[in-house]
Amino acid sequence: MLLDTNWTLKWLTLCAQAMAGHRMELIELDRAIGDSDHGENMDRGFQAVLEKLAEAPPETPGAALKLAAMTLMSKVGGAAGPLYGTAFLRAATALGDATEIDSAAWAAALAAGRDGIVARGKAETGDKTMVDAWTPAVDAARAAVDAGAPDVLTILVAAAEAAEAGAAATDPLVARKGRASYLGERSAGHRDPGAASSALIFRAAVGAAA
Amino acid sequence: MLLDTNWTLKWLTLCAQAMAGHRMELIELDRAIGDSDHGENMDRGFQAVLEKLAEAPPETPGAALKLAAMTLMSKVGGAAGPLYGTAFLRAATALGDATEIDSAAWAAALAAGRDGIVARGKAETGDKTMVDAWTPAVDAARAAVDAGAPDVLTILVAAAEAAEAGAAATDPLVARKGRASYLGERSAGHRDPGAASSALIFRAAVGAAA
Amino acid sequence: MKKLINDPRSVVGESVAGFGLAHADLVSVNADPAFITRKDAPVAGKVGLLSGGGSGHEPLHAGFVGRGMLDAAVPGAVFTSPTPDQILPATMAVDSGAGVVHIVKNYTGDVLNFETAGELAEAEGIRVRTVLVNDDVAVEDSLYTAGRRGVAGTLLVEKIAGAAAERGDDLDTVAGIGERVNLNVRTMGVALSACTVPHAGTPSFDLAGDEIEIGIGIHGEPGRHRIAMENADGITDRLLEPVLSDLKIEAGEQVLLFVNGMGGTPLSELYIVYRRAAQVLVDHGAVVARSLVGNYVTALEMQGCSISVLRLNDELTALWDAPVHTAALRWGA
Amino acid sequence: MKKLINDPRSVVGESVAGFGLAHADLVSVNADPAFITRKDAPVAGKVGLLSGGGSGHEPLHAGFVGRGMLDAAVPGAVFTSPTPDQILPATMAVDSGAGVVHIVKNYTGDVLNFETAGELAEAEGIRVRTVLVNDDVAVEDSLYTAGRRGVAGTLLVEKIAGAAAERGDDLDTVAGIGERVNLNVRTMGVALSACTVPHAGTPSFDLAGDEIEIGIGIHGEPGRHRIAMENADGITDRLLEPVLSDLKIEAGEQVLLFVNGMGGTPLSELYIVYRRAAQVLVDHGAVVARSLVGNYVTALEMQGCSISVLRLNDELTALWDAPVHTAALRWGA
Ligand SMILES: Nc1ncnc2c1ncn2[C@@H]1O[C@H](COP(=O)(O)OP(=O)(O)O)[C@@H](O)[C@H]1O
Ligand SMILES: Nc1ncnc2c1ncn2[C@@H]1O[C@H](COP(=O)(O)OP(=O)(O)O)[C@@H](O)[C@H]1O
Ligand SMILES: [Mg+2]
Ligand SMILES: [Mg+2]
Ligand SMILES: [Mg+2]
Ligand SMILES: [Mg+2]
């Protein structure tokens, strides 16, 4: 299997469903160490993505991700909007005009997305941000490709599992970037909302390929 | 026994104690159908009366009541301040320079006090105000005098019992004067705070003579 | 009860002292008995304008002392009308010989205390005229009540009568204009939560999480009735309806729309109410010529608002627009 | 959750619409994308001043649009920074060719969104300078945080930079003055209660009846630490100490003292805090030359306050005193 435009559209649709379904959960995570808006923002943003996709259905995975990027940038706001926007934009750029994406290309696109987040947000691993979901996911995807995983689904599953583990691993951390950093030690003992939403996005990618 | 200056001072002292002791109870009554200040105002007012009495001890019952009247007028505020102030002032005027007061004179002083409240506040019996404690007390005192009660203590007890019954009888009434009247039917089922504080004042008069 | 206070008994004194420090350019504060006057009082030849009442409604009244509005404010204890021994010296302090107008909200306590103070002032040779404010349509004015309460409309009376006094109108004219404002303004309020009087320590009434009180005053008293929570537009319609029907606003009339916060409601919500109220007025054919939105006549930290509508005419509009320089209301100066 | 709203998702849109209706003489409102501009924008030859951020802090920022202060305000969703597609057209709408200063509170989201908008504006040929406000001493500015937050000091930056722009200063000068204000103001806040974000529906944190949060920001986030309730003087001392020591105020220096309410605290309590803070400053040898007390930079209906101290010099004082005519701050005009 190769990832195509249909998969991309399905992925974004499942992302929107996941954000709607986990809206309160993400709000609740952000309430504990932030300002209670992450779930609302992600839900609003991905609903807007669906509307945009319906208005002008894109023809390539890259075009779909670029449209998603621009929409997230203009509809999410807060820290997550520009960060996810940049991630999707860099991934789209990495994919170029390709209509079908293989494992290696997808792993590279994810890495480009992660690099975009780091470039904008300057967070390092362990700072208790979405980077703590993305970097394990990128590493797992790359490792699977290096190990010769032929099937892109394997890559997607490896990335999703790593992202979920990475999100869970933010629980004990003290935040050093973003709003949660204002809490200092009090941020420990809570999951980072952006890492949690990232894990949902990686899991949706598996669902879209299933 | 006749009522003298000592009795008057003791009465005002017991009034102050009663207001301090029932402060929260009067606040609570006023909270239900008013604005939660009656107990605080009465407590503040009678504490000030005690201070004034200590500064310049008056020589007659009338002078003591006049000092109390002026102090209540300037320290209680709200509806109760002018009404109690007027009542004490009219009673003081009725007593004149007398140093000893008999039953008939006391009953007349109470009636003058009640008339003062009615003159200022225009409330009728049954309007759910302090008048509903004062009028039965005045009537009971007059009736006891008319029945030939020789002892002023009998008068004081009759007045106190009537005031207490009158206050209790305000429970089911719908207020037609004062702040509680804004509640309309919702004022029924609560005791009028001013009637309750009046009953305390009449009861203190008994204590001072005991 | 959590409040930024030191002691329930020192709340008014310390707050007024802080007010005096923060606005020393505008006002003088007399600590005991407590009253606040315009820095330059008495203003030669000018009618003095004095208002007062229980504390807990800030910025009313002290926040409206200054050029073009009040000459003096007399604060009582929280929700307790002030006493004649405060009102009298404040009246004397702002009388330049032209007389003093007392603006009194219609509550038994306020009426009685101002009545006595007025008599005492007259005995001192000061001419006093009283303007009684009773703009609250929640309360029926009948034999069976103490009459309508004075609520948010008080600010409009103070501003407009203040402008009349400032331009040099005489005692009767200033009082007459104040009365005219009162006759042409109606208000209705809602509470989403109670407030806590400092010395009481518990909320002034108990309200379930899905209930609101319609027809509340500004003393934390319960309202006329309790209903299930509704959305902002529904509540706005409910408040505005009796205001408009009582005021008999007709198509083409110019009005001032005043959405007043009770203290604990965010400004953003007041603007949501304002939006609907303005729409309803326009649908009604009225012209919203002036507006005011904010927490001006409050009940401590109560959540809720009131809506006031004032029927304007050219003179009232001009007096509303006239310069005012107070701590809480300022323009053109 | 009881709020005067219709739908959590329409809160900002309806509130801004109401604001536009109530202040049609001052501002124009663009509904989609949402931004508010000065009625007469762009003002020929004048540097444009734009600020924005999440909603829920009203009157910040829209309440400060007008002569002598902001040319544009860009409201995001509640507690969510606005997006470049709002900031860019607002920037274009207020650029007269003299360039635009963006006043940005230091939060990751605000910084990133304004950064992108600034780049896009530059690409359109508009010169943009950014003033980052980070006055909150509760947060240490270190490698281990996102840096200090911008809180109530933002108002002071907007007022003073606004006066500089109004008198005709050029882009770099206006931005430089804004930065100077930021360098000379420090703030510290306390919450007595949380606030409830409309779309979240539950209070932003849970606080026992006898606890308060010290070192809070303006987004309903918990503070640096939680302590048992204290009286107003104790809390004031606690807030003021880090402000003064960080700012290194010395005897004889002139300061502006700003006691800001978080939205749900009565004005009377803010004056109690002001009273103590002014006393402490005087004891410290400082001269409280200017003051501001009120609910200006809020966190919805949160109870609590912040204390800001700004070190003044003759120029800053003159710019503070310069005329301003906005919905929420007005004098001399
Ligand atoms: N500098 C950063 N780098 C990477 N991710 C960040 C950074 N700052 C914040 N985030 C992510 O953004 C999430 C918060 O997003 P959101 O709540 O939508 O924005 P805001 O904090 O502006 O309210 C955090 O949980 C974190 O994962
Ligand atoms: N017109 C009136 N005539 C007689 N008593 C009155 C009148 N109005 C009010 N009162 C009495 O005053 C009491 C309330 O006093 P208080 O709470 O101190 O004043 P306020 O209502 O101004 O807060 C009522 O309970 C009632 O007994
Ligand atoms: Mg957030
Ligand atoms: Mg009362
Ligand atoms: Mg009262
Ligand atoms: Mg946010």
Side-chain angles (χ1 to χ4, degrees), chain A residues 23-24 26-45 47-48 70-86 89 117 119-124 126-130 174-187 190 194, chain D residues 8-9 33 53-56 75-86 88 107-117 136 138-140 142-149 194-206 213 215-226 299:
Chain A
R23 182 177 155 278
M24 275 314 300
L26 295 173
I27 285 176
E28 199 47 43
L29 291 177
D30 199 25
R31 186 176 90 94
I33 57 171
D35 58 353
S36 311
D37 62 352
H38 188 60
E40 178 70 12
N41 296 348
M42 295 302 289
D43 182 24
R44 182 179 60 243
Q47 292 309 320
M70 300 315 288
T71 308
L72 294 174
M73 209 87 96
S74 78
K75 293 296 174 201
V76 176
L83 293 172
Y84 277 123
T86 302
L89 194 60
I117 294 172
R120 300 278 333 242
K122 313 271 181 318
E124 295 173 11
D127 281 355
K128 195 175 184 119
T129 70
M130 57 174 72
V174 171
R176 300 204 269 192
K177 277 284 181 290
R179 200 175 290 281
S181 70
Y182 305 139
L183 288 186
E185 299 289 333
R186 292 175 83 182
S187 62
H190 300 276
Chain D
R9 299 200 173 183
S55 291
V78 175
F79 294 169
T80 300
S81 110
T83 56
D85 68 321
Q86 297 171 263
L88 175 63
Y107 300 97
T108 308
D110 294 71
V111 169
L112 294 178
N113 283 288
F114 273 91
E115 199 172 88
T116 303
D136 185 3
V139 172
E140 288 143 59
S142 77
L143 276 178
Y144 307 115
T145 66
R148 284 180 160 166
R149 297 175 286 212
C195 55
T196 299
V197 177
H199 61 246
T202 42
S204 58
F205 51 81
D206 307 307
E213 286 275 347
I216 47 107
I218 53 173
H219 296 86
E221 63 270 52
R224 291 297 287 187
H225 57 281
R226 188 168 285 196

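Computation of the quantities below employed the complete heavy-atom set of this structure, encompassing side-chain atoms and omitting hydrogens, waters and symmetry-equivalent molecules.
The NZ atom of A:Lys128 sits 11.5 Å away from the OG atom of A:Ser181 when rounded to the nearest 0.5 Å. Between atom CG of residue A:Asn41 and atom OG1 of residue D:Thr83 there is a gap of 10.5 Å, rounded to the nearest 0.5 Å.
With a 4.5 Å cut-off on non-hydrogen atoms, D:Ala200 touches chain A through its backbone and its side chain both. Using a 4.5 Å cut-off between heavy atoms, A:Leu183 contacts chain D through both its backbone and its side chain. Heavy atoms closer than 4.5 Å to chain A are found nowhere in D:Val111, neither backbone nor side chain. No part of A:Glu185 comes within reach of chain D, as not one of its non-hydrogen atoms sits under 4.5 angstrom from that chain. Heavy atoms closer than 4.5 Å to chain D are found nowhere in A:Met70, neither backbone nor side chain. Contacts between D:Arg9 and chain A at a heavy-atom distance below 4.5 Å involve the side chain alone, from C-beta outward. Looking at A:Ala175, only its backbone comes within 4.5 Å of chain D, counting heavy atoms on both sides. Both the backbone and the side chain of A:Asp37 have a heavy atom closer than 4.5 Å to some heavy atom of chain D. Both the backbone and the side chain of D:Phe79 have a heavy atom closer than 4.5 Å to some heavy atom of chain A. For chain D, the nearby part of A:Val76 is the backbone; its heavy atoms alone come within less than 4.5 Å. For A:Ala32, the part lying under 4.5 angstrom from a heavy atom of chain D is the backbone only.
Looking at D:Glu115 and A:Arg120, a side-chain N of the basic residue comes within less than 4.0 Å of a carboxylate O on the acidic one, giving a salt bridge. Between D:Asp206 and A:Arg31 there is a salt bridge, since at least one side-chain N of the basic residue sits less than 4.0 Å from a carboxylate O of the acidic one.
With chain D as the partner, the residue from A:Gly78, A:Gly85, A:Ala79 showing the most heavy-atom pairs under 4.5 Å is A:Gly78. Considering only heavy-atom pairs separated by less than 4.5 Å from chain A, the leading option among D:Asp110, D:Asn113, D:Val78 is D:Asn113. The choice from A:Gly39, A:Gly77, A:Ser74 that makes the most heavy-atom pairs within less than 4.5 Å of chain D is A:Ser74. By number of non-hydrogen pairs under 4.5 angstrom with chain A, the leading residue of D:His225, D:Arg226, D:His199 is D:His199. Chain A forms more heavy-atom pairs under 4.5 Å with one residue of D:Gly217, D:Gly76, D:Ser81 than with any other, namely D:Ser81. Of the listed residues (A:Glu28, A:Lys122, A:Met73), the greatest number of heavy-atom pairs within a distance under 4.5 Å of chain D belongs to A:Met73.
The shortest non-hydrogen separation linking D:Ala299 to D:Gly220 is CB-N, 4.4 Å. For the residue pair D:Arg224 and A:Tyr182, the shortest heavy atom distance occurs at NH1-O, 2.7 Å. The two residues A:Asp30 and A:His38 have their closest heavy-atom pair at OD2-N, 3.1 Å. Between D:Asp85 and A:Lys75, the shortest heavy-atom contact is OD2-NZ, 4.5 Å.
Between the side chains of A:Thr129 and A:Asp127, no donor-acceptor pair is found at a separation under 3.5 Å.
Residues A:Glu40 and A:Ile27 meet the side-chain proximity criterion, which asks for heavy atoms closer than 4.5 Å. Here the side chains of D:Phe114 and D:Pro82 are in contact, with some heavy-atom distance below 4.5 Å.
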